[in-house]
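Each remark here refers to the structure printed beneath this line.
Quick note: numbers below take in every heavy atom, side chains included, and nothing from hydrogens, waters or symmetry partners. One-based numbering, in listed order, for ligands and for the atoms of each.
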Amino acid sequence: MKNIVVLVSGGGTNLQALIDAEHRGEIPNGKITCVISSKADAYALERAKQNNIKTCVLVRKDYADIAAYSRAMVEALQAENADLVIYAGFMTILDEQVTNAFPYKMMNVHPALIPSFCGKGYYGLRVHEEVLRRGVKVTGATVHFVTEVCDGGPIILQAAVPVLETDTPEILQRRVMEECEWKLLPKAAALFCDGKITVKDGKTHIES
Ligand code: GAR
């Protein structure tokens, strides 16, 4: 059984999707053992508590710099014996100490079809605002491994939805979450815990 640690910063609907999938038996070889939040008031922490999952708060401002914060994060993850670390709406960029300590053991869900609308500055609702501004007809979500390049790690799963003329950023965000993120993230976690994802030449291979 693999220990899954989930990193959050906000509402935690992706965390909820993971918890629900685990309860339905869809992540048979993984267990969410701890939720770490970068914000003390993140609603995601409530979701964890309601499900008797251990929580921890690590706030960037409490550390001198990103290196000290990243070191504290590595220590917290090692203390939890994390086998898989999932960024589920985690909004702080960590340095290479973290990616070096957990190579291809950290995954992130991004609310767009990488390599579009990604990288520094593209997070949360901003992504959907940019999608609407650019007028693309299709968007979606991507689950990828976290490397030292922001949103640049090997892609694990992607799914797409149409962009409609009547969409607001909020409506589009909801569609991307419901139809893409909440399905892809638990699926990627299950595949990882089943040992079905390998990485070669910067690309993933998923055993069927
Ligand atoms: C999700 O849409 C997630 O993809 C996005 O933030 C939202 C968090 O929602 N993450 C990023 O933009 C990371 N670059 P949640 O807290 O309800 O899961």
Side-chain angles (χ1 to χ4, degrees), residues 4-22 27 32 34-51 53 55-60 66 73 84-95 98-99 106-134 136 138-161 163 167-189:
I4 304 173
V5 177
V6 184
L7 308 187
V8 297
S9 298
T13 63
N14 278 289
L15 168 66
Q16 191 67 55
L18 288 163
I19 292 170
D20 293 346
E22 187 189 320
I27 314 178
I32 303 168
C34 183
V35 170
I36 301 179
S37 175
S38 62
K39 293 210 175 101
D41 61 351
Y43 185 68
L45 289 169
E46 290 306 314
R47 297 181 191 270
K49 285 173 193 157
Q50 281 162 17
N51 288 279
I53 300 168
T55 61
C56 169
V57 176
L58 284 182
V59 179
R60 164 68 185 85
I66 199 75
M73 184 61 80
L84 171 63
V85 181
I86 300 181
Y87 286 46
F90 183 69
M91 297 302 185
T92 308
I93 296 175
L94 301 164
D95 75 12
V98 186
T99 41
M106 311 181 83
M107 57 175 68
N108 175 48
V109 61
H110 182 74
L113 292 171
I114 289 175
S116 290
F117 305 103
C118 65
K120 214 159 182 268
Y122 284 98
Y123 58 87
L125 208 55
R126 287 193 189 195
V127 175
H128 306 291
E129 285 166 359
E130 284 306 312
V131 162
L132 291 175
R133 209 188 317 275
R134 185 62 185 83
V136 296
V138 173
T139 187
T142 303
V143 178
H144 63 92
F145 280 120
V146 178
T147 63
E148 67 288 352
V149 181
C150 178
D151 294 334
I155 291 167
I156 303 168
L157 295 174
Q158 291 187 301
V161 288
V163 180
D167 279 345
T168 61
E170 290 80 6
I171 290 172
L172 183 57
Q173 179 181 50
R174 182 78 192 181
R175 185 178 312 121
V176 168
M177 283 178 151
E178 256 175 24
E179 295 182 30
C180 305
E181 298 184 44
W182 300 341
K183 293 179 183 168
L184 294 183
L185 194 55
K187 194 170 168 192

Quiz prompt | Derivation and outcome, side-chain hydrogen bond (donor to acceptor under 3.5 Å, both in side chains), residues S9 and S38 | solution = CA-CA 5 Å; S9 298; S38 62; 2.7 Å; yes
Exercise. Mind checking salt bridge (Lys or Arg N to Asp or Glu O under 4.0 Å) for E130 and listing every partner two or more places apart, or none if nothing turns up?
Key: R133
Quiz item: Does the side chain of T142 pick up a donor-acceptor pair with the side chain of Q158 at under 3.5 Å?
Solution: yes
Self-check item: Contacts of type salt bridge (Lys or Arg N to Asp or Glu O under 4.0 Å), residue R60, not counting sequence neighbours
Solution: none
Quiz prompt | K120 with D151: basic N within carboxylate O range, under 4.0 Å | solution = no
Below 3.5 Å only, please: the N or O atoms of ligand 1 paired with protein N or O atoms, distance on each line.
from	atom 1	to	atom 2	distance (Å)
ligand 1	2 (O)	E181	OE1	3.1
ligand 1	2 (O)	E181	OE2	3.0
ligand 1	4 (O)	V109	O	3.4
ligand 1	4 (O)	E181	OE1	2.7
ligand 1	4 (O)	E181	OE2	3.4
ligand 1	12 (O)	G124	N	2.8
ligand 1	16 (O)	G11	N	3.4
ligand 1	16 (O)	G12	N	2.8
ligand 1	17 (O)	G12	N	3.4
ligand 1	17 (O)	T13	N	2.8
ligand 1	17 (O)	T13	OG1	2.6
ligand 1	18 (O)	T13	N	3.4
ligand 1	18 (O)	N14	N	3.0
ligand 1	18 (O)	N14	ND2	2.9

Show the atom names and distances, to 0.1 Å, of all donor-acceptor pairs under 3.5 Å that link a side chain in residues 177-184 to residues at least two apart or in another chain.
from	atom 1	to	atom 2	distance (Å)
E178	OE2	R174	NE	2.9
E178	OE2	R174	NH2	3.0
E181	OE1	N14	ND2	2.9
W182	NE1	T13	OG1	3.1

